[in-house]
Amino acid sequence: MNVTTEVLRLPLRDPFRIARREPDQVATTVITGIDLAGLRGLGEAYPVAYYGETTGTVGAIVPLLAEALGQLGDPPANAPHARAWLSRATEAMDVVVGRHGAAKAGLDIALHDLVARGLGLPLTELLETPAQGPPTDFSIGLDEPATVAARAARASHFPALKIKLGGPSDLDTLEQVRQVYDGPIRVDANTGWDPEAALRLLPELQRLGVELIEQPFPARALPRLRWLQERSPLPIVADESCETEADLEALVGVVAGINVKLMKCGGVGPAMRTLRRARELGFKLMLGCMEETSVGIAAGAAVAGLADWVDLDGNLLLADDPFVGLELDDGCRWITGRASGLGVERVEKSVDKLVD
Ligand SMILES: [Mg+2]
């Protein structure tokens, strides 16, 4: 198998700021390709420095992972055997290196696309996952309250909004958003609150129709998360605290929900496994994303039917997604199952390419 990587720098529609880092003006992502027997699978690795990944680490690790995958032989030509082969691919990559979920996702997604295309099946049919998941919400970064409210008004056709918090104007932001938007609001503090601020905000969040609170405190502050969940009628959802399936057990009794992302856990296969294990453990499930193109989002959409809350909007935050084929229906659900594989194709546009 021949593996390629290409780093893309894609301007965002609006600057995207969260509590624990400076605003992003561009999304920097790695598009992967796997060519085998005349077929090409597309994948994506979106590295996030917080989780120890950069375009540099992805570029260094992908060849090592590809070498391990090369030992597996060609994928089988029927769906059940191909699913088992894809699980072996996950295990083979986990043996090479721990963590590095984005690098692994780059290859895992490309393999899923390649295998499903080879079988002529949409990815949901290969995986036997529901063809339709819950609608996606739309995320709005930290900014001046009036700016956030203006963006909320622009996104008011989404059935839920995710508002990034963790700044001094959190309450003002939510009050102003509520004036222009009637639906459920999900808030994400990205580790930016302290316990006193969180406790003070709690009744206001309920009053303002907030549906859930994502990652109020730092990733490892599990006792603090448990303390807030015990006082909160709203579910607390662990994102930064939960990278992979291995983190789930420690969160039982700590938070009500977890946010699974392909780029944290290593792609479609690990995300499916994590969602199923988390369901068994009694968590409410969010499926989230980074600022991926339609490649990464289509991969997520294939397992969205396993989640309760879907936050798959990375491609919608891009000014100009270089991939086409993935579309929302009138209810803001990603449409899957219309084409084989991921169902997305590259459109040639002038993007700011980096040299690997
Ligand atoms: Mg989050």
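Fair warning: this is a prediction, and the values are worked out from it, not measured in the lab. Every number for a ligand or one of its atoms is a count from 1 in the order of the listing.
Taking the charged nitrogens against the carboxylate oxygens, Glu327 and Arg338 do have a contact shorter than 4.0 Å, which makes a salt bridge.
Geometric assessment of Arg20 against the ring of Tyr50 yields a positive cation-pi assignment under the 6.0 Å and 45° thresholds.
The ring pair (Phe, Tyr, Trp, His ring centres under 6.0 Å) search around Phe16 returns none, not counting sequence neighbours.
Distances shorter than 2.8 Å separate the Mg ion (ligand 1) from the protein N/O/S atoms Asp188 OD2, Glu214 OE2, Asp239 OD2.
For the residue pair Ser294 and Asn315, a side-chain donor N or O sits within less than 3.5 Å of a side-chain acceptor on the partner. Using a 3.5 Å distance cut-off with no hydrogens or angles, the side chains of Asp247 and Ser241 do not pair a donor with an acceptor. Using modelled atom types and a 3.5 Å distance limit, the side chains of Asn259 and Gln215 yield no donor-acceptor pair.
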